[in-house]
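Everything numeric in this text was worked out from a predicted model, so none of it was measured. Read the numbers this way: they start at 1 and go in the same order the structure lists the ligands and their atoms. Note that these values count all heavy atoms, side chains included, but never hydrogens, waters or copies made by symmetry.
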Amino acid sequence: MEPGDGVVLISDILGGEHVEKDVTVRGWIYRIRSSGSIVFAVVRDGTGNIQATIKKNVVGDEEFEKASQTLVESSVKITGTVAEDERAPGGYELKASNFSLIHMAEPFPITKDQSEEFLLDKRHLWVRSQKLTSVMRVKATLLSAAREWFEKEGWVEVTPPILSASAGEGGSTVFGLKYFGKTAFLAQTAQLHLEALIFSLDKVYSLTPSFRAEKSRTPRHLTEFWHLEGEAAWVDNEGNMDVHEQLISHMCQVVAEKNKAQLRELGRDPTILEAITPPFDRITYSDAVDMLHDKGMDFTWGDDFGTVEERLLTEDLVSPMFVKNYPKSAKAAFYMKENPDDTTTVLCSDLLAPEGYGEIIGASEREVENHTLIDRLLEQGADPDNYEWYLDLRKYGSVPHSGFGIGIERVVRWICRLDHIRDAVPFPRTPSRFYP
Ligand code: 4AD
Ligand code: MG
């Protein structure tokens, strides 16, 4: 029960809590129609929808008149008796004794069958839709489950900067901006700053927006996404993957328990998520290339995997799978530790989500030798002077360490079975859109 006025949550009514009781619901008109001397109004309060029947002979002429003229998305407060009714959507109905209109909406611009572009222009209103509401609830649970896991395992949450002097992931996809006569960059990753913090805090994580000036219009790229990153001292590439499989499994378990209704609404069977438990399969990049060849794909060893390759690798899986030890030519990040057993590859891992969704985590063990880091920066055309502070980290008590970045919207897209990543975020930013 919410404080005041006997206001209750619609989800509680639908859960059978208030049968035959007098209650008040408040929310927005989802659907409304009148038939003679009865108005049927479906009200949404953010926890669920319930149908209210408003009868002229019960509420009186004036209130009935108001109810019958009320437009969709108007805000209302309705008091009445909760009745079980098989015919009502959700199985319960509110027999209104009082109808009060809080704000009469103008005709709502969103009606059936509108184009995707129109819905994106009206995103500030479309975020009220059942689908996006369910997605946002699932996302909130995933984030709180992740924090719960980190907390339990002794990781410290830190707050790295977003404005940065150098590119973290390579110059080609970095957004620059004017910074008092200089150029600053929007962070692509918090990794380098997180690395600085492990020397005192050991295991750190952060949740920040990351920015990528990627022109690619794919269903899995945003220009601004939420990045959950971790970095830990004394952890090698295999230990890093242990962390990911535990964390992702915990997130799946919690969301399967807490958001059954939303998941079902989105077409995701929660039992599939309940079954996601460690360990996840770990295959090498070379194994993955063999798999692609077995599936009849023409693919050259040394190239990076894109949407198509990752879909082929994962479409028949139900659990996520690691692909590790990519060639340097495919995963070029300068900070990835060279594989001592095969110097053409690096000690990294991508976690690929099943059912064709593909990469959700990018991770690696980090290079700890300064001369190697400098060589790699130069190979990539970067100026080591811009990384002076980062190179300092290898001068004072360098330790083996590893870290990872989870694209939260990528995880949400998989968990919620979304066709496009833009629905994993309320206000998507893509190459062609930063409004509303
Ligand atoms: O694989 P990425 O580029 O790795 C890093 O940025 C590392 N520095 C992270 C780290 O080790 N701290 O990005 C990490 C993840 C990807 O696996 C993907 O899930 C997500 O971030 N990601 C994007 N999500 C949405 N839109 C984009 N344009 C994304 N680019 C990366
Ligand atoms: Mg990656």
Side-chain angles (χ1 to χ4, degrees), residues 139 142 146 155 158 160 162 164 166-175 185-198 203-232 235 237 240-241 243-244 247-248 251 285 304-307 309-310 314 320-324 326 330-337 346-353 357-367 390 401-415 418 420-425 428-431 433:
K139 189 176 191 176
L142 289 170
W155 296 62
V158 295
I162 303 297
S164 189
S166 52
E169 283 298 312
S172 63
T173 66
V174 68
F175 282 111
F185 301 103
L186 291 177
Q188 300 163 302
T189 173
Q191 179 192 324
L192 308 192
H193 291 94
L194 294 189
E195 283 187 63
L197 299 174
I198 60 162
K203 297 190 286 190
V204 297
Y205 75 98
S206 63
L207 176 65
T208 60
S210 275
F211 301 87
R212 305 273 168 110
E214 274 165 320
K215 285 229 184 70
S216 43
R217 282 162 218 273
T218 76
R220 56 184 208 160
H221 286 91
L222 294 165
T223 51
E224 177 183 310
F225 66 96
W226 285 84
H227 209 167
L228 183 62
E229 293 177 274
E231 195 73 30
V235 172
N237 199 37
N240 206 20
M241 287 182 266
V243 170
H244 313 157
L247 172 57
I248 293 290
M251 291 163 76
Y285 169 89
D304 199 4
F305 299 146
T307 309
E309 290 78 16
E310 291 180 5
T314 62
M321 172 177 81
F322 289 107
V323 178
K324 62 180 187 177
Y326 283 67
K331 287 264 181 277
F334 71 94
Y335 52 73
M336 289 180 177
K337 188 176 169 65
V346 283
L347 295 178
C348 70
S349 68
D350 273 9
L351 184 63
L352 309 186
Y357 288 100
E359 180 183 349
I360 53 175
I361 301 185
S364 79
E365 187 168 339
R366 315 307 189 190
E367 183 53 64
Y390 182 74
H401 64 285
S402 297
F404 60 93
I406 305 182
I408 290 298
E409 286 77 17
R410 296 270 183 99
V411 176
V412 169
R413 179 175 176 236
W414 156 51
I415 299 283
L418 303 176
H420 201 290
I421 195 169
R422 65 176 162 239
D423 286 337
V425 68
R429 269 72 180 108
T430 60
R433 179 173 293 279

Original post:
Which protein non-hydrogen atom lies closest to atom 6 (O) of ligand 1, naming both residue and atom, and how far is it?
Top reply: R212 NH2, 2.9 Å
Original post:
For atom 12 (N) of ligand 1, which protein heavy atom lies nearest, and how many Å away is it?
Top reply: E229 OE2, 2.7 Å
**OP:** Begin with the C-alpha distance, continue with both residues' side-chain angles, and end with the deciding distance and a verdict on side-chain contact (heavy atoms from CB on, under 4.5 Å) for S164 and H193.
**Re:** CA-CA 10 Å; S164 189; H193 291 94; 3.9 Å; yes
Original post:
Run the side-chain contact (heavy atoms from CB on, under 4.5 Å) check on L142 and I408 step by step: do they pass?
Top reply: CA-CA 9 Å; L142 289 170; I408 290 298; 6.0 Å; no
**OP:** Quick one: do W414 and I248 satisfy side-chain contact (heavy atoms from CB on, under 4.5 Å)? Show the steps, please.
**Re:** CA-CA 12 Å; W414 156 51; I248 293 290; 4.2 Å; yes
Subject >> Reference residue H401; test side-chain hydrogen bond (donor to acceptor under 3.5 Å, both in side chains); the match among E195, K203, E365 >> reply: E195
**OP:** Mind checking the NZ-CG spacing from K337 to L347? Nearest 0.5 Å is all I need.
**Re:** 7.0 Å
Subject >> Close side-chain approach of I421 to F225, heavy-atom, < 4.5 Å >> reply: no
**OP:** Provide the closest heavy-atom pair for P209 versus E224 in the form atom of the first, atom of the second, distance.
**Re:** CB-CG, 4.4 Å
Subject >> N/O donor-acceptor pair under 3.5 Å between T223 side chain and P431 backbone >> reply: no
**OP:** Using atom types as modelled and distance alone, determine if a side-chain donor or acceptor of R212 lies under 3.5 Å from a backbone N or O of Q188.
**Re:** yes
Original post:
Any idea which protein heavy atom is nearest atom 16 (C) of ligand 1, and the distance to it?
Top reply: E359 OE2, 3.2 Å
Subject >> Any N or O of Q188 closer than 3.5 Å to N or O of ligand 1 >> reply: no
**OP:** Please name the pair of heavy atoms, one in E231 and one in I198, separated by the smallest distance, quoted to 0.1 Å.
**Re:** O-CG2, 3.5 Å
Original post:
Under a heavy-atom criterion of less than 4.0 Å, does I421 contact ligand 1?
Top reply: yes
Original post:
So, for A424 and R413, which heavy atoms are closest and what is the spacing to 0.1 Å?
Top reply: CB-N, 4.3 Å
**OP:** Locate the shortest heavy-atom distance separating A353 from I360; write the atom from each residue and the value.
**Re:** CB-CG2, 3.9 Å
Original post:
Of the choices R366, R410, E195, which has the non-hydrogen atom that lies closest to atom 18 (C) of ligand 1?
Top reply: R410
**OP:** Using modelled atom types only, decide if a donor and an acceptor are shared between the side chain of T189 and the backbone of Q191 within a distance under 3.5 Å.
**Re:** yes
Original post:
If you count the atoms of ligand 1 from 1 in the order shown, which ones are under 4.0 Å from a heavy atom of G403?
Top reply: 11 (O)
Subject >> Residue pair H244 / F322, side-chain heavy-atom distance below 4.5 Å >> reply: yes
Original post:
Near I361, which atoms of ligand 1 are under 4.0 Å from a heavy atom of that residue?
Top reply: 17 (O)
Subject >> Check: E231 N/O within less than 3.5 Å of ligand 1 N/O >> reply: no
Original post:
Numbering the atoms of ligand 1 from 1, which are under 4.0 Å from a heavy atom of G407?
Top reply: 15 (C), 19 (O), 20 (C), 21 (O)
**OP:** Considering non-hydrogen atoms only, spot the tightest contact between G306 and R220 and give its length.
**Re:** C-NH2, 3.7 Å
**OP:** Locate the shortest heavy-atom distance separating R422 from P428; write the atom from each residue and the value.
**Re:** CB-CB, 3.6 Å
Subject >> Contact with ligand 1 for E409, non-hydrogen, under 4.0 angstrom >> reply: no
**OP:** Take the Mg ion (ligand 2) and tell me which protein N, O or S atoms are nearer than 2.8 Å.
**Re:** E359 OE2
Subject >> Distance from atom 5 (C) of ligand 1 to nearest protein heavy atom, with residue and atom >> reply: E169 OE2, 3.4 Å
Original post:
Any idea which atoms of ligand 1 are less than 4.0 Å away from a heavy-atom of Q191?
Top reply: 7 (C), 8 (N), 10 (C), 11 (O), 12 (N)
**OP:** Before signing off on this row, confirm whether I360 and ligand 1 have an N or O atom pair separated by under 3.5 Å.
**Re:** yes
Subject >> Nitrogen or oxygen of G362 less than 3.5 angstrom from that of ligand 1 >> reply: yes
**OP:** With heavy atoms of R220 as the reference, note each atom of ligand 1 found under 4.0 Å away.
**Re:** 25 (C), 26 (N)
Original post:
Should the pair F305 and Y285 be assigned to parallel (<30°), tilted (30 to 60°) or perpendicular (>60°) ring geometry?
Top reply: parallel
Original post:
Short N/O distance, under 3.5 Å, between A363 and ligand 1?
Top reply: no
**OP:** Evaluate the side-chain contact (heavy atoms from CB on, under 4.5 Å) criterion for residues R217 and T430: first the C-alpha distance (whole Å), next the side-chain angles of each, then the deciding distance (0.1 Å), finally the verdict.
**Re:** CA-CA 8 Å; R217 282 162 218 273; T430 60; 5.9 Å; no
Original post:
Looking only at N/O atoms, are E214 and ligand 1 under 3.5 Å apart anywhere?
Top reply: yes
**OP:** Could you check atom 15 (C) of ligand 1 against the protein and tell me its nearest heavy-atom contact, residue, atom and distance included?
**Re:** G405 O, 3.4 Å
Original post:
For ligand 1, does F225 get within less than 4.0 Å through its side chain, its backbone, both, or neither, judged by non-hydrogen atoms?
Top reply: side chain
Original post:
Which of the numbered atoms in ligand 1 are below 4.0 angstrom from a heavy atom of Y335?
Top reply: 7 (C), 8 (N)
**OP:** Tell me which part of H221 gets within contact of ligand 1: side chain, backbone, both or neither, using heavy atoms under 4.0 Å.
**Re:** both
Original post:
Which residue holds the protein heavy atom closest to atom 27 (C) of ligand 1, what is that atom called, and what is the gap in Å?
Top reply: L222 O, 3.5 Å
Original post:
Side chain, backbone, both or neither: which part of W226 has a heavy atom under 4.0 Å from ligand 1?
Top reply: neither
